[in-house]
Every structure is written in C-alpha cells, then in structure tokens.
Visitor: 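Let me give you the structure first, and then I'll get to my questions.
Lettering follows sequence order; numbering is per chain, from 1.
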Amino acid sequence: MKMNRYQADERGYYGEFGGAFIPEMLYPNTEELRQNYLRIMGEPDFQEEFRQLLRDYVGRPTPLYFAKRLSEKFKARIYLKREDLCHTGAHKVNNTIGQILMAKKLGKSRIIAETGAGQHGVATATVCALMGMECIVYMGEVDIARQAPNVARMKMLGAEVRPARSGSRTLKDATNEAIRDWINNPVNTHYIIGSVVGPHPYPDMVARFQAVISEEIKWQLKEKEGKEDPDYVVACVGGGSNAAGTYYHYLDNEQVGIIAVEAAGKGVDSGESAATSALGKVGIIHGSKTLLMQTGDGQITEPYSISAGLDYPGVGPMHAHLYKSGRADFIAITDDEAMAAGLMVSQLEGIIPAIETSHAFAIFDHRTFKPDDIIVINLSGRGDKDLQTYIDYFKL
Amino acid sequence: MNRIQEKMRSGHKLLSIYFTAGYPKLEDTVPVIEALDEAGVDMIEIGLPFSDPLADGPTIQASSTAALKNGMHTELLFRQLKGIREKTDIPLIIMGYFNPVLQYGVEAFCKKCREVGIDGLILPDLPLDVYQEEYEPLFKANGLLNVFLITPQTPNERIRKIDEGSDGFIYMVSSASTTGARDGFGPEQRAYFERIHSMGLKNPQIVGFGISNADTFAQATTHAHGAIIGSAFIKMLTEDGKTGIAPFIRSIRKSP
C-alpha cells in the first residue's frame with residue numbers, strides 16, 4: 001500500500017501540481033517559511049497555543065450534526081460539520097489563527113492578506129487584533145464596492161484595507177498586490193494566504209491548519225456511528241481550503257469517497273463559470289502549478305460565480321491532483337441550483353448557509369446514494385454575509 | 001558564441017532597455033527595437049505581456065494591460081519579429097512570465113525564438129531547479145541563454161548556484177522591490193553592489209529595477225557590467241512616444 005499519495009511531497013508537489021513558481025524576489029520569504037513551518041507546527045508550545053485558541057476563541061470543536069430532515073428527504077445519513085459556528089462565521093479562522101502564531105514564531109511584525117468577498121480579510125483582521133499586529137488587507141476595487149459590510153468589519157478590527165486597482169480588480173488581483181507587497185517587504189512581513197493556493201509551502205501549511213476539521217469528524221463520527229469513516233465527505237471548492245480540511249485525514253483512505261463541488265456559475269459552458277476542473281488547463285497562478293482558467297495564449301481569465309468565495313480562476317494543487325487522479329468526484333453546480341439548495345437547507349434544518357456552502361447541498365440532484373450511506377457535508381460558512389444576495393435573488 | 005556573450009566582452013558599461021511588446025501601439029514592437037538600436041543601446045528586453053505580472057510595479061503592469069488590450073499575443077510577437085535579424089544584430093531577450101510560454105509549449109516557444117533570432121530569455125517565475133530538471137536542454141538546443149535574477153536577500157550560497165547555472169549574465173535586482181523607479185540608491189544598495197562584485201562570479205552582472213536616469217545608471221554600473229532600464233523608459237514612451245527614444249538614451253549616456 002502506498003502512503004500519502006494525495007498529500008504534498010517534500011517539494012510541495014501533489015502529483016504534477018504545486019511547486020513554487022516564484023520570482024527570485026520571493027525566494028527568501030517562502031524559503032524561510034518552507035524551512036521552518038513543519039518544525040514550528042511540531043513544537044509542543046505552538047500546538048498548545050493553537051489548540052487553546054481554537055477551543056476558547058474560535059469555539060472548537062464545532063458540532064457534527066446529524067441532519068434528520070435532510071437525511072429523510074434524500075434517503076441517506078447526512079451529517080453537517082458546523083464550521084459556520086466558528087468565530088467570524090466560517091472555517092477561514094482556523095487558518096488565520098495558525099498563521100498568525102506562525103508569524104509570531106518567525107518574528108514578523110506586519111501581516112498582509114488578500115481577500116475576495118472579505119471573509120478571509122475579516123478572519124485575518126480578527127487574529128491581528130487578537131495579537132496586536134499591524135494588518136493590511138488587499139481587496140479588489142470591485143469587491144470593495146460590493147462587499148461593504150466586510151470592509152467595515154475589517155476597519156473596525158483595526159486593519160487597513162488597500163484597494164487593488166490592477167487587472168480585473170478582484171480576488172486574483174488582490175492576491176497579486178499582496179505578493180507585490182511581500183516582495184517590497186521581505187523581512188518584517190508575513191503573508192497570510194487565505195486558501196490552499198500559492199507557492200509551496202502554503203498549500204500544505206494551510207491544509208494542515210484546516211485539517212482540524214476532519215480530525216474532529218473522525219472522533220465525532222466514531223461517537224455517533226461507531227466508526228470513523230463516512231462513505232463520503234463533501235465540500236465546496238473555490239481555492240479549496242475548507243475542502244482540504246474536510247478531506248485531509250481521509251485522503252489516503254480510499255474507502256471514503258471524496259466529493260468536490262465547484263461553482264458552475266451560469267453553466268459550465270456559459271462563459272460565466274468558475275468550474276476550474278472542467279474549464280481549466282495546466283498553468284501557473286500565484287506561484288503554483290495547477291488547473292487554471294486561461295485563454296489559449298496563457299492569459300488568466302476572470303471566473304464568475306454568484307458566490308464571491310468560489311470565483312478563483314485556479315484551484316489548490318491538492319484538488320487539481322484529486323481531480324486528475326480521479327480520487328475525487330467533481331460536480332459543478334450552477335448559481336440557480338446553489339440558491340435553491342441554500343433555501344432548502346434554511347427551511348429544512350433552520351441553518352442559513354453561505355452561498356459557497358449552498359453549492360455543496362445541491363449534489364443530490366446529481367448523484368444518488370444508498371440509504372445507509374453516511375455523508376458528511378462541510379457546512380463551511382454561515383449565510384449572514386449573503387443575506388442581501390439571497391434577498392435580491394428570492395425577492396424576499 | 002551567442003550575441004549576448006559577445007556583447008558582454010565589450011569594455012564599456014552596457015545599457016539595456018526593457019519595453020513591452022505591442023505598446024504603446026500594437027505595431028510598435030519592431031519600430032521601438034529599431035529606434036533603440038539606432039540610439040545606440042547595447043541590448044533589448046522585449047516584454048511579453050501577461051495578465052498577472054506579479055513582479056512588476058504599476059508602470060509595467062499598465063503597459064502590459066494596454067498591450068493585451070491592443071491585441072498582443074505570443075504568436076503575433078513572433079510574427080512581428082520575423083525578419084528582425086535582417087535589420088539589427090543587437091542582442092534580443094524576451095522577458096515574460098512562465099505561463100504564456102507554458103501554454104505556447106516550451107519547446108515550440110524555444111524553436112520560434114531561434115527562428116526569429118532571439119538570444120535569451122528572462123522568465124522570473126521559472127525557478128532554477130525546474131529549469132535545470134526540465135527545460136535546460138531545450139533552451140540550449142535552441143541557442144537560448146536563460147537569465148536568472150538575484151536580489152539583496154539572495155544568500156551567497158544560492159548566488160553561487162545561480163552563477164553556476166548561468167552562461168549569459170546575472171540579472172541583479174537592485175533592491176527588494178517590484179519594478180519601478182526610485183530615488184537613487186542608498187548605502188544598503190551600494191553595499192550589496194560591492195558584496196556581489198567581491199564574490200568574483202563567472203557571469204557578468206547587469207543591474208535592474210530602480211534605474212531611471214544618468215545618475216542611477218552610473219551608480220548601478222560602478223561595479224556591474226551594465227544596467228537595465230524598464231519602467232522609466234516606458235513612462236517616457238507613454239508621454240513622448242517613439243520620438244522621445246533617442247533623447248532619452250542620450251540623457252542616460254551622458255556623464256552624470
């Protein structure tokens with residue numbers, strides 16, 4: 001039996017994907033992190049502080065909830081991993097807690113981050129406030145205009161929000177600006193990337209911080225079902241951090257099916273989609289070789305989804321490998337399907353999910369399950385931030 | 001011997017100019033090369049525009065965006081460059097990001113470079129180890145020198161490795177920054193220039209980033225073999241157009 005087929009090798013490759021395709025100006029920054037991240041994460045005092053904050057500040061463990069009415073409706077045993085109950089309303093904070101502790105260990109005094117919809121920006125501003133660190137969040141000008149509440153949250157938490165005015169002025173450009181900042185401030189600054197993307201060691205490091213999700217699922221499911229392994233784990237994938245955390249401890253256990261749900265936007269072939277696995281070709285984005293939506297000439301294109309958290313033109317290299325190897329089953333869900341699923345979960349379970357998460361609940365029209373199949377869906381975020389979109393969509 | 005290597009043997013301080021292909025107008029690529037050649041520059045870096053140029057500051061970003069809007073693409077650049085060797089012998093380097101090259105096909109790209117008479121490539125996000133493991137034979141078979149960057153933060157040991165793996169010149173990034181002009185070099189940069197000089201590398205060094213006028217050119221080339229001007233040239237080109245090229249080059253060449 002081969003071990004760790006689906007995790008990063010020591011050079012940060014998942015199969016043919018990953019690596020560090022970075023200009024030399026970034027080499028010292030990523031190299032410092034690469035040489036230290038595993039050692040630091042392995043130190044008992046780091047682990048103790050990380051665990052303590054996840055427990056007392058984030059509110060972990062998050063419940064694993066048996067969704068009775070959903071289970072009846074779809075005739076399977078459906079569990080929801082309640083990451084929406086994390087402080088700040090989504091799984092994002094698991095990673096920012098880990099990385100801010102990492103930054104402290106590395107002696108950094110200044111934090112930068114990118115954000116699309118603002119969830120990762122808020123999670124970063126939160127931990128910077130907690131640790132008294134300077135925080136600068138890059139956000140596309142377009143996103144600043146359409147995500148005003150999260151911009152206000154970041155400011156209230158003491159962060160500076162800098163508009164990214166280049167390119168399409170959205171998430172990918174905010175990431176470019178953050179990388180440029182890091183090039184200009186290589187010594188005192190740590191870059192908290194928000195997903196399992198970017199150059200090695202980021203995808204692996206972020207996945208390890210998010211791995212607490214599947215670590216908890218294992219013992220929680222054991223308590224409830226008498227076994228650690230569900231038949232399927234399900235998560236939505238934009239960059240892929242909540243999915244990486246949900247799959248992490250099951251990656252090499254092929255008894256557990258992996259379902260990855262991408263945003264088809266207005267339809268995979270509509271020209272307005274974010275279904276990277278279906279539409280992407282091998283390419284380089286933000287220092288990582290992965291599947292990438294791009295023109296035939298290698299220019300990166302702008303994806304579309306109704307959920308701002310899923311419209312990234314690439315995907316984490318772990319997921320590119322899960323797709324290419326066939327280990328994961330990728331399903332593309334349209335805006336309309338996701339919105340309908342979000343409404344359904346709200347009314348069946350009394351939980352309003354983030355629109356990103358709603359995509360994961362739309363799989364039941366695409367796949368059939370057996371009545372005794374145990375399915376764990378990661379409920380990665382709550383829908384408060386999306387109320388306006390839901391209101392506009394359903395004319396509530 | 002490659003045209004770049006030949007040029008490196010000349011005694012004077014080399015002036016290399018970077019510009020973005022297809023900028024300011026789509027058809028300006030070759031006229032800009034000709035004007036630079038006439039103005040007496042030593043080497044030209046032709047920028048292949050990319051949608052996400054993450055090592056570049058605002059000036060080169062804007063020129064790349066404009067060039068793409070103009071309709072610039074890889075195949076078109078090769079079409080424009082066809083016949084360039086009947087016009088000039090100046091060393092020509094294509095500088096760009098790795099993704100467009102990857103999509104074109106690295107082998108096809110290298111062959112096209114050879115066909116039109118390109119002498120070298122600078123692909124900042126193609127790391128040394130990947131280049132050596134996967135692409136070096138392709139570059140060599142097509143007579144292309146691959147140029148690597150070093151920065152003030154690059155450890156000496158890595159500089160040695162890069163020196164070992166290079167056979168044209170080393171692109172010395174002047175400071176920890178993206179591309180773009182700054183107001184001269186401070187003591188930190190000068191110490192870095194001296195440190196690199198004292199290492200006695202086998203490859204000549206050409207300094208880039210932050211060079212915009214005769215003063216900064218002179219400072220950068222105190223020890224190094226030459227310097228590259230990009231953003232300041234593009235700024236001039238945006239403001240004055242191609243007629244500004246000869247006066248701009250003269251202004252750099254004059255003794256400070």
Visitor: Answer yes if the side chains of A:S307 and A:S305 hold a donor-acceptor pair under 3.5 Å, and no otherwise.
Guide: yes
Visitor: Check whether the ring centres of A:Y323 and A:F17 lie less than 6.0 Å apart, and answer yes or no.
Guide: no
Visitor: Is the shortest side-chain heavy-atom distance between A:S288 and A:F21 below 4.5 Å?
Guide: no
Visitor: Taking side-chain contact (heavy atoms from CB on, under 4.5 Å) as the definition, give me every residue that meets it alongside A:D297, ordered by chain and number, with sequence neighbours left out.
Guide: A:T295, A:Q299, B:H73, B:T74
Visitor: Under 4.5 Å, heavy atom to heavy atom, which residues of residues 268-284 of chain A contact chain B?
Guide: A:K281, A:V282, A:G283, A:I284
Visitor: Check whether A:L292 gets within reach of chain B through its side chain, its backbone, both or neither, counting any heavy atom under 4.5 Å.
Guide: side chain
Visitor: Let me confirm one number: the OG1-OH distance from B:T29 to B:Y23, rounded to the nearest 0.5 Å.
Guide: 13.0 Å
Visitor: If you round to the nearest 0.5 Å, how far is CZ of B:F19 from OG of B:S231?
Guide: 14.5 Å
Visitor: Heavy-atom distance under 4.5 Å to chain B: side chain of A:R165, backbone, both or neither?
Guide: neither
Visitor: Under 4.5 Å, counting heavy-atom pairs only, tell me which of A:I300, A:V187, A:N176 racks up the most with chain B.
Guide: A:I300
Visitor: Just wondering, are more than 12 heavy atoms of other shown residues or ligands nearer than 6.0 Å to CD in B:Q132?
Guide: yes
Visitor: Shorter than 4.5 Å, heavy atoms on both sides: which option in A:T175, A:I22, A:L26 has the most such pairs with chain B?
Guide: A:I22
Visitor: Out of B:L128, B:V130, B:V173, return the one with the most heavy atom pairs under 4.5 angstrom to chain A.
Guide: B:V130
Visitor: Let me confirm one number: the OG1-CD1 distance from A:T189 to A:I183, rounded to the nearest 0.5 Å.
Guide: 12.5 Å
Visitor: Any side-chain donor-acceptor pair under 3.5 Å between B:Q189 and B:S174?
Guide: no
Visitor: Working to the nearest 0.5 Å, report the span between CD1 of A:I192 and CE of A:M205.
Guide: 8.5 Å
Visitor: Listed by residue number, which members of residues 56-71 of chain B have a heavy atom under 4.5 Å from any heavy atom of chain A?
Guide: B:D56, B:Q61, B:L68
Visitor: Below 4.5 Å from any heavy atom of chain B, which atoms of A:Q294 appear? Answer side chain, backbone, both or neither.
Guide: side chain
Visitor: Can you tell me how far apart CD (B:E164) and CG (B:N203) are? Round to the nearest 0.5 Å.
Guide: 9.0 Å
Visitor: Quick check on the interface: out of A:R180, A:R11, A:K172, A:H286, who has the most heavy-atom pairs with chain B under 4.5 Å?
Guide: A:R180
Visitor: If you tally heavy-atom pairs under 4.5 Å against chain A, which of B:Y104, B:Y97, B:F50, B:Y171 wins?
Guide: B:F50
Visitor: What option among A:A20, A:G287, A:P23, A:S168 has the most heavy-atom pairs under 4.5 Å with chain B?
Guide: A:P23
Visitor: After noting the C-alpha distance and the side-chain angles of A:Y138 and A:D181, does the key distance pass the side-chain hydrogen bond (donor to acceptor under 3.5 Å, both in side chains) rule?
Guide: CA-CA 9 Å; A:Y138 288 90; A:D181 182 308; 2.5 Å; yes
Visitor: Decide if the gap between the ring center of B:F169 and the ring center of B:H225 is smaller than 6.0 angstrom.
Guide: no
Visitor: Among B:Q103, B:E75, B:R158, who wins on heavy-atom pairs under 4.5 Å with chain A?
Guide: B:R158
Visitor: Is chain B contacted by the side chain of A:Y27, its backbone, both, or neither, given a heavy-atom distance below 4.5 Å?
Guide: side chain
Visitor: Could you please spell out the steps behind the side-chain hydrogen bond (donor to acceptor under 3.5 Å, both in side chains) verdict for A:S109 and A:E134?
Guide: CA-CA 7 Å; A:S109 58; A:E134 184 186 356; 5.8 Å; no
Visitor: Applying a criterion of heavy atom separation less than 4.5 Å, what residues of residues 147-156 of chain B form contacts with chain A?
Guide: B:L149, B:I150, B:T151, B:Q153, B:T154
Visitor: What distance do A:I193 atom CD1 and A:H120 atom NE2 have between them, rounded to the nearest 0.5 Å?
Guide: 8.0 Å
Visitor: Under 4.5 Å heavy-atom distance to chain B, tell me which part of A:P28 shows up: side chain, backbone, both or neither.
Guide: side chain
Visitor: Within a strict 4.5 Å, meaning less than it, do heavy atoms of the B:T20 and B:I234 side chains meet?
Guide: yes
Visitor: Does any non-hydrogen side-chain atom of B:F109 lie less than 4.5 Å from one of B:L138?
Guide: no
Visitor: Checking heavy atoms, do the side chain of B:F209, its backbone, both or neither come under 4.5 Å from chain A?
Guide: side chain
Visitor: May I ask you to check whether A:Q99 and A:N95 show a side-chain donor-acceptor distance below 3.5 Å?
Guide: yes
Visitor: For A:D9 and A:Y14, run side-chain hydrogen bond (donor to acceptor under 3.5 Å, both in side chains): C-alpha distance rounded to whole Å, both residues' side-chain angles, the deciding distance at 0.1 Å, then the answer.
Guide: CA-CA 7 Å; A:D9 68 20; A:Y14 299 83; over 6 Å; no
